[in-house]
Amino acid sequence: AYFGENGAVTELTGHFSRASAHAEWADFAPLSPSNKVVSTNAFLRLRTRFQPTESFEGSAYLAVAQGGPDENERLASTSPHFALRREMDYHSLDLGAEGKFTFRQRDSLLLGVDQTRDRHQLMRVLQIDLTSGQETPATLDQGQKVFTRTGAYLQLLAPGGEDLEFTANVRQDHQNVYGSNTSHRVSLVYRFSDAVYGKVVHGTSYKAPSPYQLYGQPLYFMEFQGNPNLGTEGARTSEVEFGWEPSSHVLGKLNAFQNEVDHMIVLIPKGAFIPENAGRQRSSGLEGELRVSAGRQLFHVTASTQRTRDFLSTPFQGEQVQPAASYPRLTAAARWEFRTQARGTLE
């Protein structure tokens with residue numbers, strides 16, 4: 001990091017990783033102990049933050065990244081004489097800037113823009129002869145695809161006195177494949193007393209399909225087949241939370257929530273498993289948290305109950321309603337932590 005004048009800070013961050021692991025239970029390959037997934041990923045980011053005046057601060061960043069499966073990857077096939085590997089990669093460029101204006105002491109307005117450009121070598125499957133090592137294409141070469149996204153966002157923070165705080169956010173994104181999407185979030189926080197507060201939040205969001213969901217190719221018969229016509233999933237979330245903090249050593253929270261997901265991507269069997277925007281999901285629940293610290297000890301307890309249902313549109317049976325398998329009805333966890341004088345931690 002470089003520290004300049006007027007509070008300016010410039011940081012350069014980089015990361016490189018290479019993963020090599022056996023993947024017997026990989027969901028994109030046949031069940032086999034011979035599966036070996038090898039991939040590399042790297043990124044480099046330059047970011048600067050500056051504050052020329054007390055009422056304005058800004059930041060800007062530029063980042064590049066690349067990665068994908070390694071040529072040493074080996075996945076099982078339906079023949080003992082051949083193995084498979086995926087050939088695909090990505091190169092991305094991200095840049096953005098934002099400025100925050102502070103006025104009337106605590107009010108603030110945040111403006112920002114960002115852009116992402118990803119170039120993907122779309123997935124192709126190669127068949128490897130285990131005797132000769134020769135590689136031959138097992139699927140079509142889909143070439144390259146460029147994904148671009150440009151976004152702009154705005155945040156308003158407007159405290160209404162000492163006990164009330166209002167926040168509003170809106171964001172607009174335009175993507176060359178998925179089109180335009182608008183997201184917003186509003187929250188209201190009120191402090192009833194020094195120890196008790198309440199919060200109400202409502203927001204919308206979206207999730208774009210991944211390049212694999214759009215252009216993935218099957219490794220074997222009746223496996224996954226990408227769908228280039230996929231659209232985005234949309235979500236609406238509402239929350240009501242009450243918090244209790246009688247001292248710096250005790251914190252309790254109780255939160256009620258409701259989530260709705262439309263155009264959910266689900267796998268439809270059509271000769272292969274093809275993803276389509278054919279589902280909806282409705283979820284509601286209640287969760288609580290209690291955190292107590294005493295000297296060097298910390299006690300943390302959480303519990304939640306929720307009900308999530310998936311509404312799936314199938315080709316022959318119409319809409320089917322079923323509980324979501326990924327979300328347990330009841331969950332609970334307890335943790336105890338002790339900090340020693342030697343600055344170690346026991347949990």
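The chain is numbered in sequence order, starting from 1.
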Side chain to side chain contact (heavy atoms under 4.5 Å, CB included) against [X], all qualifying residues, sequence neighbours excluded:
X: Pro323; answer: none
X: Val146; answer: Arg117, Arg119, Thr148
X: Asp114; answer: Tyr61, Arg149, Tyr153, Arg171
X: His120; answer: Tyr90, Asp118, Leu122, Phe147, Pro211

Between [X] and [Y], what is the shortest heavy-atom contact and its length?
X: Val261; Y: Arg282; result: O-NH1, 3.2 Å
X: Ser293; Y: Leu298; result: CB-CD1, 4.1 Å
X: Pro137; Y: Leu126; result: CA-CD2, 3.8 Å
X: Ala168; Y: Val186; result: CB-CG1, 4.1 Å
X: Gly14; Y: Leu44; result: CA-CD1, 3.9 Å
X: Gln213; Y: Pro275; result: O-CG, 3.5 Å

Does a side chain donor of either [X] or [Y] reach within less than 3.5 Å of an acceptor in the other side chain?
X: Glu260; Y: Gln258; value: yes
X: Gln281; Y: Asp310; value: yes
X: Ser304; Y: Gln306; value: no
X: His174; Y: Thr150; value: no
X: Thr182; Y: Gln172; value: yes
X: Thr40; Y: Asp70; value: no
X: Glu289; Y: Thr302; value: no

Would you say that [X] contacts [Y] through its side chain, given a criterion of any heavy-atom pair below 4.5 Å between the two side chains?
X: Ser20; Y: Lys36; result: yes
X: Asp94; Y: Leu62; result: no
X: Gln127; Y: Thr139; result: no
X: Thr136; Y: Asp129; result: no
X: Pro159; Y: Phe166; result: no
X: Arg307; Y: Arg329; result: yes
X: Glu98; Y: Leu111; result: no
X: Met264; Y: Arg280; result: no

Excluding sequence neighbours, so at least two apart, what forms side-chain hydrogen bond (donor to acceptor under 3.5 Å, both in side chains) with [X]?
X: Gln142; value: none
X: Ser183; value: none
X: Glu239; value: Asn255

Inset, instruction - List for me each residue that meets salt bridge (Lys or Arg N to Asp or Glu O under 4.0 Å) alongside Glu245, sequence neighbours excluded, and say none if there are none. - result: none

With a 4.5 Å cut-off on side-chain heavy-atom distances among I, L, V, M, F, W and Y, is there a chain of contacts connecting [X] to [Y]?
X: Ile274; Y: Leu214; answer: no
X: Leu230; Y: Val177; answer: yes
X: Tyr190; Y: Trp244; answer: yes
X: Phe224; Y: Met123; answer: yes
X: Val189; Y: Val200; answer: no

Legend entry - Inter-residue atom distance His300.NE2 - Glu337.CD, 0.5 Å rounding: 10.5 Å

Inset, instruction - First locate atom OG1 of Thr13, then atom CG of Leu46, and finally report the distance between them rounded to the nearest 0.5 Å. - result: 8.5 Å

Are there over 12 heavy-atom neighbours, none belonging to [X], within less than 6.0 Å of that residue's [atom1]?
X: His263; atom1: NE2; result: no
X: Asp194; atom1: CG; result: no
X: Gln144; atom1: CD; result: yes

Legend entry - Test log, rule side-chain contact (heavy atoms from CB on, under 4.5 Å), inputs Gln217 and Tyr215: CA-CA 7 Å; Gln217 297 203 60; Tyr215 303 107; over 6 Å; no

Say whether, by atom type as modelled, one donor and one acceptor occur between the side chain of [X] and the main chain of [Y] under 3.5 angstrom.
X: Thr204; Y: His184; answer: yes
X: Asn277; Y: Gly231; answer: yes
X: Arg74; Y: Glu71; answer: yes
X: Glu73; Y: Arg86; answer: yes

What residues, two or more places apart in sequence or in another chain, satisfy ring-ring contact (aromatic ring centres under 6.0 Å, His included) together with [X]?
X: Phe242; result: none
X: Phe56; result: Phe101
X: Phe43; result: none

Inset, instruction - Mind running side-chain contact (heavy atoms from CB on, under 4.5 Å) on Thr167 and Asn169 for me, showing each step along the way? - result: CA-CA 7 Å; Thr167 306; Asn169 303 266; 3.7 Å; yes

Inset, instruction - Flag the pair Glu11 and Arg47 as a salt bridge only when some basic side-chain nitrogen lies within less than 4.0 angstrom of an acidic carboxylate oxygen. - result: no

Legend entry - Ion pair Lys270/Glu276, N-O distance below 4.0 Å: yes

Legend entry - CA sep, side-chain torsions, deciding dist, call: Lys100, Leu109, side-chain contact (heavy atoms from CB on, under 4.5 Å): CA-CA 6 Å; Lys100 181 180 180 181; Leu109 183 66; over 6 Å; no

Inset, instruction - Tell me, with the steps shown, if Arg191 and Glu162 meet salt bridge (charged side-chain N to carboxylate O under 4.0 Å, His left out). - result: CA-CA 8 Å; Arg191 185 164 289 277; Glu162 294 296 327; over 6 Å; no

Legend entry - ILVMFWY clustering at 4.5 Å (side-chain atoms), partners of Val321: Phe311

Inset, instruction - Please work out whether the ring planes of Trp336 and Phe338 are parallel, tilted or perpendicular, with thresholds of 30° and 60°. - result: parallel

